Amino acid sequence: MTTSTPSMAARSAAAPAPAPPRTEQRSTGRLGDLIFAGAARGSGVLVIALVTLIGVFLVAQAIPALLKDQASFLTSREWTVAGDAPRFGIAELAWTTVSASIIAMAIAVPVGVAVALFITTYAPTWLRGPAATMIDMLAAVPSIVYGLWAVLSFRSVVRPVEDLIQQRLGGIPLFAPTGVSGGTIFFIGVVLSIMVLPIVTALSREVFAQTPTSHREAALALGATTWEMVRTAVLPFGRPGVISAAMLALGRALGETIAVTFIVSSLAPGTPWSWSLFNGGETFASRIANNAGEFDSAQKTGAFIAAGLVLFVLTFLVNAVARIVIQRRAAFSE
Amino acid sequence: MAKRIDVEHLDVYYGDFLAVHDVTMTVPARSVTALIGPSGCGKSTVLRSLNRMHEVTRGGRVEGSIRLDGVDLYAPDMDPVLVRRMVGMVFQRPNPFPTMSIYDNVAAGLRLNGVKDKATLDGVVEQSLKGANLWTEVKDRLRKPGAGLSGGQQQRLCIARAIAVQPQVLLMDEPCSALDPISTLAIEDLITELKAAYTIVIVTHNMQQAARVSDQTAFFNLAATGKPGELIEVGPTSTIFSNPGVKATEDYIEGRFG
């Protein structure tokens with residue numbers, strides 16, 4: 001470092017000066033810099049280009065179909081994509097996708113935070129490693145296995161819970177009985193919550209574990225109990241991390257396909273609209289996956305791509321919000 | 001309010017490692033006792049066992065007894081949370097809660113005790129900040145974050161937070177080591193004022209500071225690295241600094257080691 005500085009300055013002052021000694025060694029370093037900088041820059045550009053191209057592809061493919069659409073794309077529940085006068089809209093898909101994901105968040109965030117607190121604060125030391133590993137292994141279970149397990153086994157566990165809620169709270173439109181016995185929105189949400197639990201837990205655990213000892217001790221020295229210490233020191237410190245963890249998990253829940261496709265029970269055309277979480281319905285991803293065989297004309301394909309575009313924008317927004325929160329966190333910790 | 005502390009045959013462990021061996025000393029009420037000694041001699045460890053913060057560290061445990069006006073702090077049915085409400089602590093690095101305002105930092109301990117009444121909180125916050133000689137500097141920005149204050153102000157904020165719950169003893173673990181000389185002087189003046197109401201135990205590496213603020217000085221040393229720290233001698237500060245009973249104390253105070 002110190003040896004190269006004077007010669008660098010000399011070189012920039014007099015460009016055509018003869019090359020200083022030890023050129024070989026320095027040029028090797030330069031070449032390494034060049035390759036690394038090029039590779040890094042190339043990867044960065046590649047990622048941005050990929051996302052942009054996917055966006056452009058979706059828009060370009062969707063527009064012709066959208067122009068032919070006889071129904072209102074954002075508010076219609078119909079889905080007839082063939083023929084000269086196609087009528088399709090995403091209202092039902094958006095409702096199912098978003099409400100199932102919100103249910104997933106409502107379960108996964110509190111449980112995930114509680115598990116993370118247990119692992120970082122309450123669990124005896126010998127249990128911390130294994131407990132964390134077990135949770136992480138939930139993330140390693142393939143999506144399709146979740147789907148199989150949900151349909152064949154877990155369904156019968158959740159059924160009684162659904163029945164109970166419908167009996168007790170059926171008066172509220174959100175919990176009104178519908179008679180759908182297969183994959184209700186509620187059930188999709190519950191399964192999704194298990195699938196995103198590792199994301200929430202792992203990220204929360206990370207940020208809770210980073211709570212400075214001085215903050216924890218400050219609370220304890222004031223006579224805080226463990227829970228009070230968590231409330232005054234750990235949670236305020238970890239809150240931005242928990243929020244971004246929830247956002248990342250939400251992005252995952254919105255786009256989850258295989259497991260959900262296994263579970264959903266599609267509604268017959270013309271089924272009356274219901275706000276009930278115990279209704280059936282398809283998500284964006286499951287509608288597209290279920291109809292992959294229909295992609296035989298540009299118009300049909302375009303309709304599905306338009307639905308995919310909405311999902312893309314939705315998850316993009318959620319991830320963007322997560323990034324912004326993470327950035328705020330970085331600025332805050334300075 | 002202030003109480004005396006009797007330490008008897010105190011052994012402090014980290015797991016199987018004996019960090020401090022056989023400490024017996026008395027800290028009189030309403031006085032300042034300085035713990036001095038070279039790094040690793042266990043003075044901070046002894047301090048942290050006085051409010052049972054030592055056991056927060058993994059494997060931390062003690063043997064022997066510590067009594068606060070006769071009440072055994074390590075009795076089996078004694079709740080460490082209760083001990084820490086009686087024995088407050090100020091740390092080496094100022095550690096106000098970063099997400100809380102100045103006001104909320106001072107009120108934190110009271111809120112933990114379930115005090116919700118705004119008038120009470122307002123009163124205690126003002127009293128505590130005045131007690132920590134910080135009130136005039138922050139009274140117009142009580143709602144601003146505590147982390148925005150200077151290091152010396154933050155440390156006084158931490159002292160205000162500690163005295164807000166009216167502890168009987170105040171422990172200070174090198175409270176000035178991260179501060180500039182002016183802030184150090186402010187804290188030292190504050191310590192002298194606080195001893196009228198509190199029993200204070202302070203760990204310091206600064207001989208002059210020990211000489212300036214303390215009534216009693218305890219010198220800790222360790223025979224060799226890896227050996228447990230021991231209390232070499234304890235006595236009135238004037239005696240320890242002018243006429244110590246042990247050669248090692250004299251050597252340390254005069255800067256010949258440590």
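A quick note: this is a predicted structure, and the numbers were derived from the prediction, not measured. In what follows, chains are A, B, ... by sequence order, proteins preceding strands, each numbered from 1.
Stacking of R30(B) on the aromatic ring of Y198(B) is not recorded, the 6.0 Å distance cut-off and the 45° axial limit not both being met. Cation-pi geometry between R161(B) and F97(B) is met: under 6.0 angstrom from the ring centre, within 45 degrees of the axis.
Contact of T213(A) with chain B is not made at all, since no heavy-atom distance falls under 4.5 Å. Neither the backbone nor the side chain of R111(B) comes within contact range of chain A; no heavy atoms are under 4.5 Å apart. Looking at V90(B), there are no atoms closer than 4.5 Å to chain A (heavy atoms on both sides), in backbone or side chain. Residue contact with chain A, scored on non-hydrogen atoms closer than 4.5 Å, involves the side chain of M100(B) exclusively.
Within a 6.0 Å radius of CZ in R93(B), other residues, nucleotides and ligands contribute 12 heavy atoms or fewer.
Contacts of residues 220-227 of chain A with chain B at a heavy-atom distance below 4.5 Å involve L220(A), A221(A), L222(A), G223(A), A224(A), T225(A), listed in sequence order.
Comment: E193(B) does not engage K195(B) in a salt bridge, judged by the lack of any side-chain N to carboxylate O separation of less than 4.0 angstrom. Under the 4.0 Å criterion applied to side-chain N and carboxylate O atoms, R4(B) and D6(B) are assigned as salt-bridge partners. Look at E55(B) and R52(B) and you find a salt bridge, because one of the NZ, NE, NH1 or NH2 atoms lies within 4.0 Å of a carboxylate O, short of that distance. Salt bridge annotation for E228(A)-R85(B): present, with a cationic side-chain nitrogen under 4.0 angstrom from a carboxylate oxygen.
None of L68(B), N51(B), V169(B) except one satisfies the side-chain contact (heavy atoms from CB on, under 4.5 Å) rule with M86(B); the exception is L68(B).
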